[in-house]
Amino acid sequence: MKQDVGFSYLNELNGVQKDAVTALEGPVMVIAGPGSGKTRVLTYRIAHLINCGANPGQILALTFTNKAAKEMKARIERVVGNQANKVWAGTFHSLFARILRVEAHRIGYPNDFTIYDSDDSKGVIDDIIKSMNLDKKVYPAGQVRSRISAAKSNLITPKAYAANDDLMALDRMNRRPLIYQIYEKYAAKCIRAGAMDFDDLLLQMYKLLYQNPDNVREKYQRQFRFVMVDEFQDTNYLQYEIVKILAKYQNSEENICIVGDDAQSIYSFRGATIENILQFEHDFPQVRTYKLEQNYRSTNFIVNAANEVITYNKKQIQKKIFTEKEDGKRIKLIKAMTDSEEGKRVSDTIIEQKNRYNLANKDFAILYRTNSQSRIFEEQLRRYNIAYRIYGGLSFYSRKEIKDLVSYLRMVVNDKDDEALKRVINYPKRGIGNSTIEQISQIADDNEISMWQVLGQMEFTSRAAKNIAEFTGIIKACKAKAVTANAYDAAVFIAKASGILGELKSDTSLEGQGRLENVTSLLDGIKEFVEDDELAPGEEVATSKSLAAFLQTISLMTDQDKDGADQDTVTLMSVHSAKGLEFKSVFVVGLEENLFPSYQAMITADQIDEERRLFYVAITRAEEHLTLTYANSRYHFGNMRFNDPSRFIEEIDQKNYDPLTILNKKPDFGESSSSFGEPKLLGNFKTKTLNQPQINIDPKDFVPNRSEDIKVGQKVIHLKFGQGTVKSIDERMVASIVFPALNDNPEKRIMLQYAKLQIVEE
DNA sequence: GGGGGCTATGGGGGG
DNA sequence: CATAGCCCCC
């Protein structure tokens, strides 16, 4: 491909970035540290492709969030103008859904297929478990769903699952030997319902390409001559397999570019595997690799802290991010006595920083490990009158009233959608109770037909008969309306005919009015969707504005995709959803053992490593100010829990912390009860060193040795416990060390994997 | 059989 | 603290 060096945007890039952007053909791998201009490289590379003659419609750029795709498109547009609209940029799920909307009939699905969200999936699984007379305590739907999801992500069919000794042995060990049967029934039920779950959007896409009906594979291989994958470390096996197929075209070189950072791989729980990066080099031996290591986001103390933390992970691609920025502000550490005090002190600090550094609300983010932690901060921010916005948790489309109307719409588009039917057959109340619904479901199962078909064919003698007739009448009327009207008019008709609008209007409470507003706003959204005249690449005019297309689109939306990001609000979100974002001031909260790292991740070293990468992601969101907080005690399950401060706090070298805040750093749980029950005000300022041995080690002189070098009999120094003697080391690398300075309990069990110990005498 | 209210139980991260 | 399941009344 011809390259003209006269493109001005190339001057905005450093050397490595420019090399990556101009490497247009063949396989390319970009390892991009946080804040290293990854998005810039991706977007300029696409712009450069277009400027060098590539057809924008032949470029496929796969991301993990709609937001990332949207931002990418906007930035490409700034360089190449409206040609950017022709680029296939979107999430794996949304682009594959768009393709399947055209092609699904070739693999036994209706093109108007329904997308089951995880609640729908769980509902199906619950029904199956019930029908198999299994105990749902033994087979929790959520966990069964994860197993099925993992199987799908690894291209394991129900048959292959049953034949896989490892999987079956694991299930037997967990006393859930019948998961393979549930999986088989689940897959069959989804097909019968004309429904795909999130994994199916990938799996069915794979099947489409693999089975290649009507040479559809060549069609898309020809279509996508340039394939790009963002956040490649988050792809699972199935996604990578699809990408590989798409990137292949006859005998020409494969133009595939992946961008990722192994240190930011945080989605193994949904099947992402770091192996894909290693495998990529194997699959494409002629790959050119570029490492972006200069960080343009954060000041030096923050970058240092990130580097220090990540060295605790053994398995990493070697790289060290650096910045040419100033040292900046040191990291603040806040110790709170309780979770609500944590909320207060974070709010205080926000006010203080706003004043002192002239920051706006939107410059702040509070990042937590679990969404349930948001409540505390909400309460306090509201009390302080600080505007905030919560991401994650309940999204707009998971609200009850929205799901109710959406379920009616789903029924109208696809009457085989049993999950939707079950949701609305008795809402608003029309006297069709659980036992009747169970009956219908049973008959549908026995005859392998949909519940809607049962309603049409069965003679109901019970007194539910009249009510059922009412329901089928409503749905039929709505279906008739949908044939002639556009999606918006149909939806308004459905909202009225179903009785939903009437039901909500009769509720005059404040919450009731809110629900009505939400439904109105959903209808407005459909109107906007219908009136939007822009046709995305690959979309057919006839189907693009259909109700089915609308439903498929919204089922892949998260509340991050809502407008309103430009408002001046503090951002509250999980660390997971903060990936890719940056803020002037970041609070990483709840830094306690069993919370961050999560108690569910305390089992294997690999899981701890992933938590550490998550922490790495969290702290590298900060541009100028980073504050880490933890609480002595917090409410969990309605009762108080005490956790030690997170190990991650200690993994950052002391010199990066604000010394005024580090005085309070290490409380002494378990060994002293004096910290409980004290007045809250004192709690913040009381130094715990009184209860600890006086250890006079200047952190500057402390150089920890590698854990492998620690041997029995050595005298070592520990920053907190002082000098000690190593008594023993067991096979798990846990050392027993006696520290004479600790009076009551001098022998400590130290995990060498995490401990920092300096050898003073062999 | 259906509806409403009460009690017990269980909660990671996300497309 | 939200939801499912259970019990009791209609």
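Order of the sequence lines sets the chain letters (A, B, ...), proteins ahead of strands, with each chain counted from 1. Only a predicted model underlies this, so the values are computations on that prediction, with no experimental measurement involved.
- Look at A:Asn426 and you'll find a side-chain N or O under 4.0 angstrom from OP1 or OP2 of B:dG3.
- Judged by distance alone with a 3.5 Å cut-off, a donor-acceptor contact links the side chain of A:Glu611 to the base of B:dG12.
- Among the atoms of the strands shown, none is found under 4.0 Å from any heavy atom of A:Arg641.
- Atom NE2 of A:His576 is separated from atom P of B:dG12 by 13 Å (rounded to the nearest Å).
- Straight-line distance from the CG atom of A:Asn66 to the P atom of B:dG14: 15 Å, rounded to whole Å.
- Across all strands shown, nothing is found opposite B:dG12 as a Watson-Crick or G-U wobble partner with both distances under 3.5 Å.
- With hydrogens and angles disregarded, a donor-acceptor distance shorter than 3.5 Å links the side chain of A:Asp339 to the backbone of A:Tyr635.
- For A:Ile266 and B:dG15, the CD1 to C1' distance is 14 Å, given to the nearest whole Å.
- Not one side-chain nitrogen or oxygen of A:Ser118 sits closer than 4.0 Å to the OP1 or OP2 atom of B:dG15.
- Taking the side chain of A:Lys429 as heavy atoms from C-beta on, and the options B:dG13, B:dG12, B:dG4, the nearest nucleotide is B:dG4.
- Residue-to-nucleotide contacts include no donor-acceptor pair under 3.5 Å from the side chain of A:Arg613 to the base of B:dG13.
- Checked for salt-bridge contact, A:Lys403 and A:Asp117 meet the test: a charged N lies under 4.0 Å from a carboxylate O.
- Within 4.0 Å (heavy atoms only), A:Tyr267 reaches sugar-phosphate atoms of the nucleic acid but no base atom.
- With salt bridges taken as basic N to acidic carboxylate O contacts below 4.0 Å, none links A:Glu419 and A:Arg423.
- A donor-acceptor contact closer than 3.5 angstrom is absent between the side chains of A:Arg613 and A:Gln264.
- An OP1 or OP2 oxygen of B:dG2 is reached within less than 4.0 angstrom by a side-chain nitrogen or oxygen of A:Ser435.
- For A:Asn434 against B:dG1, no side-chain N or O and base N or O form a donor-acceptor pair under 3.5 Å.
- Between A:Phe615 and A:Phe648, the ring planes lie parallel to each other; the angle is under 30°, not in the 30° to 60° tilted range.
- Within 4.0 Å of A:Lys137, counting heavy atoms only, lie sugar-phosphate atoms of the nucleic acid but no base atom.
- Nucleotide B:dT7: paired with C:dA4 (Watson-Crick or G-U wobble, both distances less than 3.5 Å).
- Summary of the strand contacts: A:Ser149 and A:Gln143 both lie near DNA chain B, and taking for each the nucleotide with the nearest heavy atom, the more 5' one is attributed to A:Gln143.
- With B:dG2, B:dG12, B:dG14 as the choices, the nucleotide that has an atom nearest any side-chain atom of A:Phe269 turns out to be B:dG14.
- Rounded to an integer number of Å, the gap from CD of A:Glu438 to C1' of B:dG2 is 14 Å.
- Residue A:Phe64 and nucleotide B:dG15 are not classified as a stacked aromatic pair, given the requirement of ring centres less than 5.5 Å apart at an interplanar angle below 30°.
- When each of A:Thr91 and A:Ile437 is assigned the nucleotide of DNA chain B with its nearest heavy atom, A:Ile437 is the one assigned upstream, toward the 5' end.
- Computed from coordinates, the A:Lys466 NZ to B:dG1 P distance equals 18 Å when rounded to whole Å.
- A:Phe269 and A:Tyr267 have tilted rings, their planes meeting at an angle from 30° to 60° on a 0 to 90° scale.
- Aromatic pair A:His636/A:Phe642: centroids not less than 6.0 angstrom apart.
- Nucleotide B:dG1 holds its P atom 13 Å from the CD1 atom of A:Ile440, rounded to whole Å.
- Between B:dG13 and A:Ser598, no contact under 4.0 Å exists linking OP1 or OP2 to a side-chain N or O.
- For A:Arg375, the side-chain atoms get nearest to C:dC1 when compared with the rest of C:dC1, B:dG1, B:dG12.
- For A:Ile115 and B:dG14, the CD1 to C1' distance is 15 Å, given to the nearest whole Å.
- Using a 4.0 Å heavy-atom cutoff across all strands shown, A:Gln607 reaches no nucleic acid atom at all.
- We find that CZ of A:Arg430 is positioned 11 Å from P of B:dG3, with the value rounded to whole Å.
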